[in-house]
Number of protein chains: 2
Amino acid sequence: MTVLPRTTPTNSESAFQIIRDAILSGALSPGSKISEAHTCQIYGIGRGPLREALRRLEGCKLVEIKPNAGAKVSFIKPSQIIEIYEIRESLEGLACKLAATNANKTDCLALRSIITEQRLQMTQNNGDLAPLKEGDLDLHFSIVKVSGNTQLFQLLCHDLYQLVQLYRLQPNTSPSRPHIALEEHTQIVDAIERKDPELADLLMRRHISNARQELLANLSL
Amino acid sequence: MTVLPRTTPTNSESAFQIIRDAILSGALSPGSKISEAHTCQIYGIGRGPLREALRRLEGCKLVEIKPNAGAKVSFIKPSQIIEIYEIRESLEGLACKLAATNANKTDCLALRSIITEQRLQMTQNNGDLAPLKEGDLDLHFSIVKVSGNTQLFQLLCHDLYQLVQLYRLQPNTSPSRPHIALEEHTQIVDAIERKDPELADLLMRRHISNARQELLANLSL
DNA sequence: AGTAGCAAAATTGTTGACAAAAACGTGACG
DNA sequence: CGTCACGTTTTTGTCAACAATTTTGCTACT
């Protein structure tokens with residue numbers, strides 16, 4: 001009885017991961033077409049597994065497939081990202097509410113450590129904001145995880161955040177507002193630690209609403 | 001220049017729709033395996049298109065595919081449906097808030113007509129509750145549509161409701177509480193009509209929370 | 001009887017070839 | 001000059017056959 005279900009991933013699985021990462025890193029730019037013949041020649045696989053991988057990516061909303069016209073990397077319009085932020089506002093508020101209800105001391109310590117790490121990053125290299133973005137996601141992910149709602153985790157951390165990431169590498173990358181965000185994060189974790197679901201909910205909603213407002217302001221420059 | 005992009009759907013598309021409907025209608029029961037050879041023989045198509053259809057269904061969370069083990073119809077556990085109801089509570093609250101903000105008179109009339117239709121159905125055949133379920137979904141769908149957030153519509157009406165439907169045809173089908181629900185619906189539409197976003201949000205959250213509580217009570221019988 | 005091992009069957013993963021559709025380019029015509 | 005038609009080329013949709021993995025069933029042995 002082998003506990004490990006498999007040793008090598010299938011070609012379809014490999015292609016899925018490779019293409020997904022290529023899309024999320026920007027190597028495949030939004031709107032560009034993914035030619036089957038070309039792509040499966042590059043990765044050295046057949047068209048069958050590739051088409052399955054593309055269908056999975058379609059399920060993640062990362063590519064759009066039209067019959068007899070092939071697959072294109074999704075292009076997220078500004079109006080769509082605003083809508084997604086409205087959804088995030090609601091769902092991450094819920095995540096905070098649940099997190100404040102369910103978090104134990106270990107959870108709180110983990111959240112707190114992310115904050116201190118992020119604060120450290122900021123004082124050290126205040127020019128480079130790449131690790132801050134990462135830390136920002138770390139905190140949001142961790143809160144959703146602490147919420148205990150696995151469906152919510154799946155939805156937010158696997159589906160919606162990928163779309164947000166896809167948007168970020170499009171026309172106008174917002175510069176973000178690290179100092180204010182860090183302050184808001186601290187208050188949110190405080191509320192979770194104090195087991196105040198309503199406040200945690202409110203603060204997270206406001207936090208994401210602020211980010212959305214800034215998005216709106218940036219795209220009407 | 002033909003405006004209609006295509007006349008006949010692809011085999012993959014047909015298989016996707018047929019299998020999806022079979023799952024949602026209960027013809028394919030949750031947990032049952034979907035054999036490739038068997039299935040593609042029934043529908044008279046090749047394995048390639050069938051596998052693509054299965055990948056799409058996997059993206060809808062209606063089937064689970066494991067490497068070298070094939071596809072099974074998803075089985076929604078009670079804990080999962082509770083989590084989904086928590087998400088619905090949050091998202092449909094948002095939908096109501098947006099609907100109350102954006103609804104014009106035509107929208108309000110449409111919502112109102114669904115309510116009156118539902119009330120009519122109830123007084124006529126108070127034994128058969130099948131059309132009530134349909135009307136219930138009609139109202140929820142319409143509110144989400146009126147909200148104007150297309151991403152939210154996609155998420156709620158295409159993804160989450162399918163999972164709810166899949167759960168309904170599993171072990172313990174809840175009898176539901178039509179009269180109370182109708183009353184709650186009426187109040188929600190009232191709030192939307194009065195352009196009171198906060199109240200509409202609150203009422204819808206409470207409405208779904210009540211449904212969730214009843215789910216919880218039913219599965220701990 | 002129960003189990004370990006091995007062979008046979010069934011099922012999934014993958015490929016290449018063929019059919020059909022769309023995209024492209026060329027040329028004739030108004 | 002623009003546009004319509006048509007043949008070529010490219011790309012997608014589909015199938016059937018092969019390879020690899022899993023499952024099944026049988027046999028032999030303790």
Side-chain angles (χ1 to χ4, degrees), chain A residues 1-20 22-23 28-75, chain B residues 1-20 22-23 28-75:
Chain A
M1 178 185 180
T2 58
V3 179
L4 302 172
R6 50 181 310 102
T7 53
T8 59
T10 65
N11 286 0
S12 173
E13 173 70 19
S14 305
F16 170 74
Q17 292 180 9
I18 291 174
I19 298 175
R20 182 195 55 192
I23 292 175
L28 286 173
S29 51
S32 65
K33 177 167 184 182
I34 301 178
S35 160
E36 291 184 8
H38 185 229
T39 306
C40 71
Q41 210 164 6
I42 288 179
Y43 299 133
I45 64 175
R47 287 208 298 140
L50 173 65
R51 285 171 68 89
E52 286 184 39
L54 290 177
R55 286 299 186 185
R56 291 179 63 186
L57 291 167
E58 183 192 27
C60 301
K61 308 279 173 80
L62 291 179
V63 309
E64 288 171 6
I65 301 179
K66 286 180 187 170
N68 298 312
K72 284 182 187 296
V73 179
S74 293
F75 188 92
Chain B
M1 179 185 180
T2 59
V3 179
L4 303 172
R6 54 180 307 103
T7 53
T8 60
T10 65
N11 286 0
S12 173
E13 172 70 20
S14 304
F16 169 75
Q17 293 179 10
I18 290 174
I19 298 175
R20 182 195 57 192
I23 292 175
L28 286 173
S29 51
S32 64
K33 177 166 183 181
I34 301 177
S35 160
E36 292 184 7
H38 185 228
T39 306
C40 72
Q41 209 164 7
I42 287 179
Y43 299 133
I45 63 175
R47 287 209 298 141
L50 174 64
R51 285 172 68 90
E52 286 183 41
L54 290 177
R55 286 299 187 186
R56 289 180 63 185
L57 291 167
E58 183 191 28
C60 301
K61 308 280 173 78
L62 291 179
V63 309
E64 289 171 5
I65 300 179
K66 285 178 187 170
N68 297 314
K72 283 182 188 296
V73 179
S74 294
F75 189 92

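The structure presented is a predicted model; accordingly, all values stated were derived computationally and were not measured. Residue numbers begin at 1 in each chain, while the letters A, B, ... track the order of the sequences.
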query = For A:Arg20, what residues pass the salt bridge (Lys or Arg N to Asp or Glu O under 4.0 Å) criterion, not counting sequence neighbours?
reply =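 Expected list: none.
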key: Those residues that, when tested against A:Glu64, pass salt bridge (Lys or Arg N to Asp or Glu O under 4.0 Å) (two or more places apart)   =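 So A:Glu64 forms no salt bridge (Lys or Arg N to Asp or Glu O under 4.0 Å) with any residue.
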Partners passing side-chain contact (heavy atoms from CB on, under 4.5 Å) against B:Ser29 (at least two apart in sequence or in another chain) =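 Testing B:Ser29 for side-chain contact (heavy atoms from CB on, under 4.5 Å), a comparison that skips the adjacent residues, returns B:Ser32.
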task = Under the side-chain contact (heavy atoms from CB on, under 4.5 Å) rule, collect the residues that match up with B:Ala69, sequence neighbours excluded.
result =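 With sequence neighbours excluded, B:Ala69 shows a side-chain contact (heavy atoms from CB on, under 4.5 Å) to B:Lys66, given in chain and number order.
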message = Contact between A:Phe16 and A:Pro9 at the side-chain level, heavy atoms closer than 4.5 Å - yes or no?
response =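 A:Phe16 does not reach A:Pro9 side chain to side chain.
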Just the atom pairs and distances: protein N or O near nucleotides 13-15 of chain C's N or O, under 3.5 Å.
residue : atom : partner : partner atom : Å
C:dG13  : OP1  : B:Asn68 : N            : 2.9
C:dG13  : OP2  : B:Arg51 : NH1          : 2.6
C:dG13  : OP2  : B:Arg51 : NH2          : 2.9
C:dG13  : N7   : B:Arg47 : NH2          : 3.2
C:dG13  : O6   : B:Arg47 : NH2          : 2.3
C:dT14  : OP1  : A:Asn11 : N            : 2.3
C:dT14  : OP1  : A:Asn11 : OD1          : 3.4
C:dT14  : O4   : B:Arg47 : NH2          : 3.4
C:dT15  : OP1  : A:Asn11 : ND2          : 3.4
C:dT15  : OP2  : A:Gly46 : N            : 2.4

Between [N] atom [atom2] and [X] atom [atom1], what is the distance in whole Å?
{"X": "B:Lys72", "N": "C:dT12", "atom1": "NZ", "atom2": "P", "result": "10 Å"}
{"X": "B:Gln41", "N": "D:dT14", "atom1": "CD", "atom2": "C1'", "result": "17 Å"}
{"X": "B:His38", "N": "D:dT23", "atom1": "NE2", "atom2": "P", "result": "20 Å"}

request  = Identify the heavy atoms of B:Pro67 and A:Thr10 that sit nearest to each other, and give their distance.
outcome  =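 Closest pair (atom of B:Pro67, atom of A:Thr10, distance): CB-CG2, 4.3 Å.
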Donor-acceptor contacts, no H, no angles, side chain residues 38-46 of chain A, under 3.5 Å, sequence neighbours left out:
residue : atom : partner : partner atom : Å
A:Thr39 : OG1  : A:Ser35 : O            : 2.5

Taking only distance into account, with no hydrogens and no angle test, what donor-acceptor pairs under 3.5 Å do side-chain atoms of residues 47-57 of chain B form with protein atoms, sequence neighbours excluded?
residue : atom : partner : partner atom : Å
B:Arg47 : NH1  : B:Glu36 : OE1          : 2.5
B:Arg51 : NE   : A:Glu52 : OE2          : 2.5
B:Arg51 : NH1  : B:Glu36 : OE1          : 3.4
B:Arg51 : NH1  : B:Glu36 : OE2          : 2.7
B:Arg51 : NH2  : A:Glu52 : OE1          : 3.4
B:Arg51 : NH2  : A:Glu52 : OE2          : 3.1
B:Glu52 : OE1  : A:Arg51 : NH2          : 3.4
B:Glu52 : OE1  : A:Arg55 : NE           : 3.1
B:Glu52 : OE1  : A:Arg55 : NH2          : 3.4
B:Glu52 : OE2  : A:Arg51 : NE           : 2.6
B:Glu52 : OE2  : A:Arg51 : NH2          : 3.0
B:Arg55 : NE   : A:Glu52 : OE1          : 3.1
B:Arg55 : NH1  : B:Glu58 : OE1          : 3.1
B:Arg55 : NH2  : A:Glu52 : OE1          : 3.4
B:Arg56 : NH1  : B:Glu13 : OE1          : 2.7
B:Arg56 : NH2  : B:Glu13 : OE1          : 3.4

Write down the protein N/O and nucleotide N/O pairs, taken from nucleotides 6-9 of chain D, whose separation is under 3.5 Å; answer none if there are no such pairs.
none

